[in-house]
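Only heavy atoms go into these numbers, but all of them, side chains included; no hydrogens, no water, no symmetry mates.
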Amino acid sequence: MDLFRSFRNLRIQHKLLAGYSAVFILCIVMGSLVVYSVVRQTLETNIESELKNTTTTILNMVRTSAATSIKNHLRAVAEKNLDIATYFHGQALAGRMTEDEARLRVAEIILSQPIGTTGYIYCLDSAGVIDVHPKQELIGANLSEYAFIREQTVRKEGYLEYDWMNPGETLARPKALYMTYFEPWDWIIAVGSYLDETYEDLSFENRAFLELKEQIKAKKVGNTGYIYAVDISGNLKIHPFQEGDNIYNEQDDEGRYFIREMCKKRTGWIRYPWINEGETAPRMKIARYDYFEPW
């Protein structure tokens, strides 16, 4: 009441000054709040955009590295068997065995090599006729009715992906093969395997994966951010200082099982308070995560 009475007793010019000052201060506060909100929203949008782009880039790196590893793995097997065919053909030319004996010996070696879980090696000629195959009923069959067989007869060498369904299966799956050509016997030596099985067959300790891991760990996000990879069981496959640990039951500073949430959703955004190594107080962290199903 005293404050109101004092204001009433003020001279008109003082009342006007006080009124204008109050309106001016209110406008500044409201303007500052609007500017703060706009700037904050802009910064968060930029941060989210950067994180999304970085995650997409890393995911593409992983896809490319895995695909290259698969291609190199199948090519190495194909080239090894080409060397085997070349060796036994040479033995036949030297008179140490007949040509038929050489073919039979190479076929035995080829059929003894499993590729992944259900993959195998087979040989066909330039007309699409199967000469070597683990399924005896296909020997001598002309399979040129299939597009991927026709492509093999044209190209004879290189990498190829196609959808295929083995006998007894109900769903076609992506399959990959690498082929080489042994001209003396007109053999296209094809090493094929379902892609999902080949991904599983790749070792996480092979050179390509180790190089990829180092590339990912070298990338920085902001001043203290980093990139890590965790499987759906919570095992850290890539991390700057916790690699190999299981963090499935890790909780943030508020007791939230944020890793469990990420493993369940597999793709999206998440915010959580966290203390980095060497820090003393938690800060709010934002992560964009995506899922690479083969691994």
* Asked: Aromatic rings Tyr226 and Tyr228: how do their planes relate, parallel, tilted or perpendicular, breaks at 30° and 60°?
  -> tilted

* Given the rule that I, L, V, M, F, W and Y join up when any side-chain heavy atoms are under 4.5 Å apart, are Leu212 and Leu236 in one cluster? -> no

* To do: Any chance you could measure Tyr194, atom OH, to Thr117, atom OG1, to the nearest 0.5 Å?
  => 11.5 Å

* To do: Hey, could you give me the CD1/CG distance between Ile189 and Asn81, rounded to the nearest 0.5 Å?
  => 6.0 Å

* To do: Write down the atom of Asn249, the atom of Tyr257, and the distance for their closest heavy-atom approach.
  => O-CE2, 3.5 Å

* **Residue from Leu143, Leu160, Asp163 passing side-chain contact (heavy atoms from CB on, under 4.5 Å) with Phe148** => Leu160

* **Shortest non-hydrogen contact from Lys217 toward Glu243** => NZ-OE1, 3.4 Å

* Under the side chain to side chain contact (heavy atoms under 4.5 Å, CB included) criterion, do Ile115 and Leu74 qualify, and how do the steps go? -> CA-CA 9 Å; Ile115 308 298; Leu74 296 177; 4.1 Å; yes

* Just how far is it from atom OG1 of Thr267 to atom CG of Leu59, taken to the nearest 0.5 Å? -> 8.5 Å

* Between Tyr122 and His133, what is the ring plane arrangement, given parallel below 30°, perpendicular above 60°, and tilted in between? -> tilted

* Please check if Trp269 and Tyr272 belong to a single hydrophobic cluster, counting links between Ile, Leu, Val, Met, Phe, Trp and Tyr side chain heavy atoms closer than 4.5 Å. => no

* To do: Check whether the side chains of Asp290 and Thr55 place a donor and an acceptor atom closer than 3.5 Å, and report yes or no.
  => no

* To do: Without swapping roles, check the side chain of Lys265 against the backbone of Met262 for a donor-acceptor pair under 3.5 Å.
  => no

* Write down the atom of Arg288, the atom of Lys52, and the distance for their closest heavy-atom approach. => CG-CA, 4.0 Å

* **Val62 with Leu195, same ILVMFWY side-chain cluster at under 4.5 Å** => yes

* Asked: For the hydrophobic clusters of this structure (ILVMFWY residues joined by side-chain heavy atoms under 4.5 Å, transitively), does one cluster hold both Val77 and Tyr159?
  -> yes

* From Gln152 atom CD to Leu177 atom CG, the distance as rounded to the nearest 0.5 Å -> 5.0 Å

* Asked: Below 6.0 angstrom between ring centroids: does that apply to Tyr162 and Tyr146?
  -> no

* Ser233 side chain to Asn235 side chain, donor-acceptor N/O pair below 3.5 angstrom -> no

* Kindly give the heavy-atom pair with the smallest separation between Ile139 and Asp131, and that separation in Å. => CD1-O, 3.8 Å

* Which is it for Glu108 and Arg105 under the salt bridge (charged side-chain N to carboxylate O under 4.0 Å, His left out) test, yes or no, and what are the steps along the way? -> CA-CA 5 Å; Glu108 289 174 347; Arg105 185 72 184 108; 3.5 Å; yes

* **Considering all heavy atoms, the nearest Tyr181-Ser126 contact** => OH-OG, 3.7 Å

* Asked: Any link between Leu111 and Val191 through a network of hydrophobic side chains (Ile, Leu, Val, Met, Phe, Trp, Tyr) touching at under 4.5 Å?
  -> yes

* Asked: How many angstroms lie between atom NE2 of His89 and atom CZ of Phe182, to the nearest 0.5 angstrom?
  -> 5.0 Å

* Distance-minimising heavy-atom pair for Ile130 and Leu138 -> CB-O, 3.3 Å

* Asked: Crowded around Lys71 NZ? As in, over 12 foreign heavy atoms under 6.0 Å?
  -> no

* **Sidechain N-carboxylate O distance under 4.0 Å for Arg271, Glu254** => no

